[in-house]
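Letters go in sequence order (proteins before strands), and every chain restarts at 1.
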There are 2 protein chains.
Amino acid sequence: MVTIKDVAQVCGVSPSTVSRVIADNPRISNATKKKVRKVMKELGYHPNISARNLVAKSTNALGVIMPSSTSKALQNPFFPEVLRGIGSAIHHMKYSMSLSTGDTEDEIFEEVKRMVYGSYVDGVILLYSRANDPVTTFLRERDFPFVIIGKPYEYENEITYVDNDNIRAGKEITEHLIHNGHERIAFIGGSTDLFVTVDREKGYSLALKEAGITSNEQYKVHTEFVRSGGEEAVASLFSLNNPPTGIVVSDDLISLGVTNMLRQSSYEVPKDISLVSFNNVYLAELTQPPLTTVDIQIYELGIQSARALIEKTMNKNEPTKRIIIPHKIVYRESVGKIK
Amino acid sequence: MVTIKDVAQVCGVSPSTVSRVIADNPRISNATKKKVRKVMKELGYHPNISARNLVAKSTNALGVIMPSSTSKALQNPFFPEVLRGIGSAIHHMKYSMSLSTGDTEDEIFEEVKRMVYGSYVDGVILLYSRANDPVTTFLRERDFPFVIIGKPYEYENEITYVDNDNIRAGKEITEHLIHNGHERIAFIGGSTDLFVTVDREKGYSLALKEAGITSNEQYKVHTEFVRSGGEEAVASLFSLNNPPTGIVVSDDLISLGVTNMLRQSSYEVPKDISLVSFNNVYLAELTQPPLTTVDIQIYELGIQSARALIEKTMNKNEPTKRIIIPHKIVYRESVGKIK
DNA sequence: TTGAAAGCGCTAACAG
DNA sequence: CTGTTAGCGCTTTCAA
């Protein structure tokens, strides 16, 4: 391995001079800079990160924590897409990303501790937001820089987070159904442990209320991402006296499941029933019919969270921020007009 | 930050003793070990990784390289699933994972160079295999430890890789169609730049040949993951004089698209046409009907690649290996009997 | 504009 | 069984 000393020796300068050239220190003459750079290239010199990190007491790396993967939820295309966003921001800032996937809550917590205690990373991005999350508490108590993608359960004002305005998005997409003449509108969501679900449902309720439609508890269904149980829940929706004519589904992946249950019961979208959902992952245009869905700009969520976190690591008392990424509705063919 | 010296001082021993306790060196008395450990806990001591890496000249970290994300292919649930596998292996070995997503080939190459030159990682896992890949060449020429998930394009005997027996899998799944009476069987695959596609198609051809079915070039279609163009390709399949009664599709995600094109043309699966594919991602059971597909054990691909790579980094002249992960066919409802 | 020297936190001979 | 010492590769005062 070629070190700073080797370069220095060949150049006939001191190691510190070489170091300064690397940092592009303005107090080094252009002549020496040029010479040193030439030699660095010739010898194939590359700075050793560990050595640099040791003295700098910082790693220029961010930790990214995936949610517990006990459920199949991780197969949601949401994740590769945020990772891409984070990756892009990180690349441009010359940072690196340390990824942690953990099967259980404990495993995740362990990994975070390793990252933080071992000074593996300068900050952490949480790809989930859960109630009573030991990780969040840990990070908060240590005052270790972190951001959440999604809305924090507690201490909302003390935690920097990047999210969509899910209430508004939920409202708007429901209104789209209303504008198309729908009045009997159901909501199918994932676990209520997740804030996204809750917020999107809030928006749904709000839209109904504003439109003067009385909401119907029987129209609200919560199901896991996985098949099991989901079918019955949806089936029950259609055994009602007044089955819905439109459904707001909280996630494209769930929509896929719903579409198919519908088809099994010989309901046709959008003729018999209209469907709208959220995320606009690649799948949404692959289904038949393609889904009208809220594009939440997943990639951008990734970029912004990484940027916000990097700012925080560079300046410990950067103020807490709440960054809301705009959404937009993508109109496709899953919605029909009533009457 | 509490260092080894602090612990040493409080314990009244030398730093090296503390270091040895950390390494659980057998030549330290149990008494001191106990005392030192107690103090470490009390002071909240955690070893500094950068310092350790500097002297150890190794980082206990693996780099993971995603394919270029210009195409939407990255949204394939395949990726979160391999990452989980890798993450699991890595966690148990107390390694960490540095993830690189790059938009362009150049960006990817840059990141790999950073990882390798900067000694960020001890080895690299490539989540793709492409012809004329500068990254592969770079790694090979430097003799830097790496493994490929998939089959290398060149130097197959010199590169450790983890893959399925895609030819056999392709053969078996095609035979399943044949056993159900199908003779006019088509193949729809992704880009032929990918070895997976090629191998699975080989298996398909082989099965036909063994069954004495003459293969038909018109039955072979290649389409990108993305919608565009895919529809026409499939449509052309059904404008033939003798349209197929069964289709082997090289990826569950493509299957999803195909199913929907089929439905658009009022073909019903499995009544009018049978469909089989590969990967068994979560989606495969969410479609209507659920897909008969080859489970390639993505998670296991991840685990094994990480393990193989770690072995390699620990022992530079660990022999080159080819690790084949067994597949199994998951029978669901997308296949019908002919006659 | 450059060099000398100290030190980041840890490990590993070597010595005892 | 434990301490002393040197050094990993880099940055950064301080001095010139």
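Counting to the nearest Å, the P atom of dG9(C) and the CD atom of Gln9(B) are 14 Å from each other. For the pair Tyr45(A) OH and dG9(D) P, the computed distance is 10 Å after rounding to whole Å. Computed from coordinates, the Asn25(B) CG to dC10(C) C1' distance equals 15 Å when rounded to whole Å. Here the C1' atom of nucleotide dC14(C) and the CZ atom of Arg20(B) are 10 Å apart, to the nearest Å. In this structure, Arg52(B) atom CZ and dA12(C) atom C1' are separated by 14 Å, rounded to whole Å. A straight line from CD1 of Ile22(B) to C1' of dT11(C) spans 10 Å, rounded to a whole angstrom. Between the CG atom of Asn53(B) and the P atom of dC10(D) there is a distance of 14 Å, rounded to whole Å. As a whole-Å value, the separation of Tyr120(B) OH from dC10(D) P is 13 Å.
Judged by closest nucleotide on DNA chain D, Thr32(B) is the one of Thr32(B) and Ala56(A) placed further toward the 5' end. Map Lys57(B) and Gly12(B) each onto its nearest nucleotide of DNA chain D; the residue landing nearer the 5' end is Gly12(B). Between Ile28(A) and Val2(B), the residue anchored closer to the 5' end of DNA chain C is Ile28(A), taking for each the nucleotide with the nearest heavy atom.
Residue Val18(A) is out of contact with every strand shown, counting any heavy-atom pair closer than 4.0 Å. Residue contacts shown for Ser29(B) are limited to sugar-phosphate atoms, with no base heavy atom under 4.0 Å away. Here Thr3(B) lies in heavy-atom contact (under 4.0 Å) with sugar-phosphate atoms only.
For the pair Glu105(B)/Val135(B), no side-chain contact is recorded, criterion being any heavy-atom separation below 4.5 Å from C-beta on.
When the nucleotides dC8(D), dT2(C), dG3(C) are ranked by their closest atom to the side chain of Leu54(B), dC8(D) comes out on top. Comparing dG9(C), dT11(C), dG9(D) by their nearest atom to the side chain of Val55(A) picks out dG9(D). Distance from the side chain of Thr17(A) is smallest to dG3(C) among dC10(D), dG3(C), dT1(C).
Formation of a donor-acceptor pair under 3.5 Å by the Ser119(A) side chain with backbone atoms of Met115(A) is not found in this model.
Judged by distance alone with a 3.5 Å cut-off, no donor-acceptor contact links the side chain of Ser19(B) to the base of dA12(C).
Counted by atom type alone, Tyr95(A) and Asp122(A) present zero donor-acceptor pairs between their side chains at under 3.5 Å. In summary, the side chains of Ser19(A) and Ser16(A) do not present any donor paired with an acceptor at a separation below 3.5 Å, with no hydrogens or angles considered.
Centroid-to-centroid, the aromatic rings of Tyr117(A) and Phe138(A) come within less than 6.0 Å.
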